[in-house]
Amino acid sequence: MITINELSGKKNFFLMAGPCVIEGEEMAIEIAGKIKEITDRLNIPYVFKGSYRKANRSRLDSFTGIGDEKALEILKKVSDTFAVPTVTDIHENEEAAMAAKYVDILQIPAFLCRQTDLLVAAAETGKIVNIKKGQFLSPGSMQFAVQKVIDAGNKNVMITERGTTFGYTDLVVDYRGIPEMQAFGFPVIMDVTHSLQQPNQTSGVTGGMPALIETIAKAAIAVGADGLFIETHPTPSIAKSDGANMLKLDLLEGLLEKLVRIREAIL
């Protein structure tokens, strides 16, 4: 079982990256293989990311997944094929034990980061728990979400910054929050792509500003983020979820090369 010490505390940042949602095995294998090749060359610890189901959707007709067990099996196959840990979201208490059979890290969505029973259920699996900071919370408030996991007997915790609600249809990143949350004693990750979402659009489909992915990522590494979270897809325009703010897969290598140089410069 992977621990946070195997990901953080190294000279390089670590990367959580993959599609927003598992759309199929072929796509997942393609994305994971490409990223593994890049991260191995750049000595970046890599975690494959893929949601087995999307529960938080703007509209009833939005894509939610290909089936829980099928998607979880694909996550397990990615892990076995490329020898990489995997992370997926959970949304309800009973999902924690189910997903923990297939993945290494359980992620608590931002909207659910104060749900005590969900945090405790994730903690009790013994897996790493990655808690996304709510768009409505200050960085300091996240200490209480972290403490719930610790009090449930699990010290393998990570925190992910993903922007703060600004008005009705935008988010803003306050980089002061990264060192503030690091002071809790756990790794802090910057969710680059979700922080560029433009939620609550009148169309019912979330928008985004992918042209600023490099800007957000560079700033996060410059202020010392332990890891980055980036959703990526070979063709974001046809992705079944969050395509508006995802990074095109063939742009990832060039971005990571720049970020590694920034990391080296600040050490």
Chemist: Within the distance-only criterion (no hydrogens, no angle test), does the side chain of D89 pair as donor or acceptor with the backbone N or O of S51 below 3.5 angstrom?
Modeler: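 Checking the backbone N and O of S51 against the side chain of D89, no donor-acceptor pair under 3.5 Å is found.
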Chemist: Is it the case that one hydrophobic cluster holds both L106 and V120, taking links as side-chain heavy atoms less than 4.5 Å apart, direct or via other members?
Modeler: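 Unlinked, L106 and V120 end up in two clusters.
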Chemist: As an exercise, state the distance from CD of E253 to CG of L42, rounded to the nearest 0.5 Å.
Modeler: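 Reported to 0.5 Å precision, the distance equals 7.0 Å.
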Chemist: Which heavy atom in L255 sits nearest to a heavy atom in A217, and how many Å separate them?
Modeler: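 Taking every non-hydrogen atom into account, CD1-CB, 4.4 Å.
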Chemist: Assess whether atom CZ of R263 is packed by more than 12 heavy atoms of other residues, nucleotides or ligands within 6.0 Å.
Modeler: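 Above 12, so yes.
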Chemist: C113 versus M142: any side-chain heavy-atom pair under 4.5 Å?
Modeler: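 Contact flag for C113/M142 side chains = yes.
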Chemist: What distance do L15 atom CG and T39 atom OG1 have between them, rounded to the nearest 0.5 Å?
Modeler: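 Reported to 0.5 Å precision, the distance equals 7.0 Å.
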Chemist: Run the side chain to side chain contact (heavy atoms under 4.5 Å, CB included) check on I74 and Y102 step by step: do they pass?
Modeler: CA-CA 9 Å; I74 290 171; Y102 298 90; over 6 Å; no
Chemist: Is a donor on one side and an acceptor on the other found under 3.5 Å between the side chain of T81 and the backbone of V78?
Modeler: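 Side chain of T81 to backbone of V78, a donor-acceptor pair under 3.5 Å: no, none is there.
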Chemist: Is there side-chain contact between F166 and V173, with heavy atoms separated by less than 4.5 Å?
Modeler: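 Side-chain contact under 4.5 Å: no.
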Chemist: Do the rings of F229 and H194 sit parallel, tilted or perpendicular, given the 30° and 60° boundaries?
Modeler: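 Ring orientation of F229 relative to H194: tilted.
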Chemist: Quick one: CG on L137 to CD on E161, what's the gap to the nearest 0.5 Å?
Modeler: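 Between L137 CG and E161 CD, I get 10.5 Å after rounding to 0.5 Å.
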Chemist: I'd like to know whether K240 forms a side chain to side chain contact (heavy atoms under 4.5 Å, CB included) with M27, so could you lay out the CA-CA distance, the side-chain angles of the two residues, the decisive distance to 0.1 Å, and finally the verdict.
Modeler: CA-CA 12 Å; K240 295 184 181 296; M27 180 207 69; over 6 Å; no
Chemist: Is it the case that one hydrophobic cluster holds both V172 and L196, taking links as side-chain heavy atoms less than 4.5 Å apart, direct or via other members?
Modeler: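 In one cluster with V172: L196, no.
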Chemist: Are L252 and K34 close enough that some pair of their side-chain heavy atoms sits under 4.5 Å apart?
Modeler: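 No, side chains not in contact.
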Chemist: Kindly check if the number of other-residue, nucleotide or ligand heavy atoms within 6.0 Å of CZ (F136) is above 12?
Modeler: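 Counting other residues, nucleotides and ligands, CZ of F136 exceeds 12 neighbours.
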Chemist: Tell me the side chain to side chain donor-acceptor pair (under 3.5 Å) pairs involving residues 209-229, sequence neighbours left out?
Modeler: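 Applying side chain to side chain donor-acceptor pair (under 3.5 Å) to every pair that reaches into residues 209-229, excluding sequence neighbours, yields Q182-D226, E214-K218, E214-K258.
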Chemist: Walk me through it: do E257 and R41 pass the test side chain to side chain contact (heavy atoms under 4.5 Å, CB included)?
Modeler: CA-CA 10 Å; E257 288 174 343; R41 182 175 67 80; 2.6 Å; yes
Chemist: Are L251 and L249 linked, directly or through other ILVMFWY residues, by side chains that come within less than 4.5 angstrom of each other?
Modeler: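 Result: yes, single cluster for both.
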Chemist: Side-chain donor-acceptor pair under 3.5 Å between T160 and N130, yes or no?
Modeler: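 A pair is found: one side chain offers a donor N or O, the other an acceptor, under 3.5 Å apart.
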Chemist: Has the side chain of Y52 got a donor or acceptor atom that lies under 3.5 Å from a matching backbone atom of I90?
Modeler: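 Not a single qualifying donor-acceptor pair exists.
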Chemist: Looking at Q197 and D170, what are the two nearest heavy atoms and their distance?
Modeler: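 For Q197 and D170, the tightest heavy-atom pair comes out as O-OD1, 4.1 Å.
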Chemist: Which heavy atom of N156 sits nearest to which heavy atom of G126, and what is that distance?
Modeler: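 Answer, listing the atom of N156 first, then G126: ND2-O, 4.3 Å.
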Chemist: Answer whether the closest heavy-atom distance between the side chains of F184 and I150 falls below 4.5 Å.
Modeler: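 Side chain of F184 against side chain of I150, heavy atoms only: no contact under 4.5 Å found.
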Chemist: Measure from the side-chain N and O atoms of T193 to the backbone N and O of M246, and report whether any donor-acceptor pair falls under 3.5 Å.
Modeler: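 Not at all, since once roles are kept as given, no pair shorter than 3.5 Å links the two residues.
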Chemist: Please report the closest heavy-atom contact between L259 and I221, naming both atoms and the distance.
Modeler: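 Closest approach of L259 to I221, heavy atoms only: O-CG2, 3.8 Å.
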Chemist: Do the non-hydrogen side-chain atoms of V157 and I4 ever get within less than 4.5 Å of each other?
Modeler: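 Side chain of V157 against side chain of I4, heavy atoms only: no contact under 4.5 Å found.
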Chemist: For the CG atom of N154 and the NZ atom of K127, what is their distance to the nearest 0.5 Å?
Modeler: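 Nearest 0.5 Å value for the CG-NZ distance: 11.0 Å.
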Chemist: Calculate, to the nearest 0.5 Å, the distance between atoms CD and NE2 belonging to E30 and H233 respectively.
Modeler: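 E30 CD to H233 NE2: 8.5 Å, rounded to 0.5 Å.
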Chemist: Please report the closest heavy-atom contact between A220 and L228, naming both atoms and the distance.
Modeler: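 Taking every non-hydrogen atom into account, CB-CD2, 4.0 Å.
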Chemist: Do I189 and L171 share a hydrophobic cluster (ILVMFWY, side-chain heavy atoms under 4.5 Å, transitive)?
Modeler: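 No: no chain of side-chain contacts under 4.5 Å links I189 to L171.
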Chemist: Shortest non-hydrogen contact from I22 to F48?
Modeler: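 Closest pair (atom of I22, atom of F48, distance): CD1-CE2, 4.0 Å.
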Chemist: Kindly determine whether D104 and I128 satisfy side chain to side chain contact (heavy atoms under 4.5 Å, CB included), including the steps that lead there.
Modeler: CA-CA 7 Å; D104 304 279; I128 294 175; over 6 Å; no
Chemist: For residues F13 and L256, determine if any side-chain heavy atom of one lies less than 4.5 Å from a side-chain heavy atom of the other.
Modeler: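 Yes, side chains in contact.
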Chemist: Using a strict cut-off of less than 4.0 Å between a Lys/Arg side-chain nitrogen and an Asp/Glu carboxylate oxygen, indicate whether K101 and E69 qualify as a salt bridge.
Modeler: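 So K101 does not pair with E69 through a salt bridge.
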Chemist: Among the clusters formed by ILVMFWY side chains lying less than 4.5 Å apart, do L119 and F111 turn up in the same one?
Modeler: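 Yes; tracing contacts between hydrophobic side chains, which count when under 4.5 Å, links both residues.
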Chemist: Using modelled atom types only, decide if a donor and an acceptor are shared between the side chain of Y46 and the backbone of A17 within a distance under 3.5 Å.
Modeler: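 Checked: pair present.
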Chemist: Is a side-chain donor-acceptor pair under 3.5 Å present for K133 with T164?
Modeler: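 The answer is yes; a qualifying pair exists.
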Chemist: Counting distance only, does the side-chain N/O of N93 pair as donor-acceptor with the main-chain N or O of L118 below 3.5 Å?
Modeler: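 Side chain of N93 to backbone of L118, a donor-acceptor pair under 3.5 Å: yes, one is there.
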Chemist: Rounded to the nearest 0.5 Å, how far apart are CD1 of I105 and OG1 of T86?
Modeler: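 That separation rounds to 7.5 Å.
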